[in-house]
Amino acid sequence: MPKMTFIVQSGERVEIDAPEGLSLLEIARQYDIDIEGACEGSLACSTCHVIVDAEDFERLEDPSEDEEDMLDLAFGLTRTSRLGCQILLTEELDGLTVTLPHETRNMLFE
Ligand code: FES
């Protein structure tokens, strides 16, 4: 089983042995990580936004155009932002680390 780490909103690192082939959104849900995923992975929102560790980012497949369009709508977009529902965890991605951005509404009022 590949390992991966979520850095959650409080800054805590949550390390997980995750089943292969699930999306980061599905994994987060299984392990009670607070990620919204309002459209259930159908590329119609950007609430599954995650910020990928810079080194790990290079290991990911390039995002589709649809994903890029949705990412443009995400608050707090960074150079290594991706949508969690579009990344499938595989053995090749063992050790992947992603950070969950702070809640969108907090960012709006900061
Ligand atoms: Fe909506 Fe990922 S859950 S785009």
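What you see below is based on every heavy atom in this structure, not just the backbone, and it leaves out hydrogens, waters and symmetry mates. For ligands, and for the atoms within them, numbers begin at 1 and follow the listed sequence.
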Where does C45 meet ligand 1, judged by heavy-atom distances below 4.0 Å: at the side chain, the backbone, both, or neither?
both

Salt-bridge present (E40, R29; N to O < 4.0 Å):
yes

Do any heavy atoms of T47 fall under 4.0 Å from ligand 1?
no

Out of all atoms in ligand 1, which are within 4.0 Å of some heavy atom of L43? Include the element for each.
4 (S)

Which angle, to 10 degrees, forms at atom 2 (Fe) of ligand 1 with SG of C48 on one side and SG of C85 on the other?
100°

Minimum heavy-atom distance between V50 and P101, given as atom pair plus value
CA-CD, 4.2 Å

Rounded to the nearest 0.5 Å, what separates atom CG in D34 from atom CZ in F6?
11.5 Å

N/O/S of C39 less than 2.8 Å from atom 1 (Fe) of ligand 1?
yes

Salt bridge present between E15 and K3 (N-O < 4.0 angstrom)
no

Could you check atom 3 (S) of ligand 1 against the protein and tell me its nearest heavy-atom contact, residue, atom and distance included?
G41 N, 3.3 Å

Looking only at atom types and distance, does a side-chain atom of Q86 sit under 3.5 Å from a main-chain N or O of P63, one as donor and one as acceptor?
no

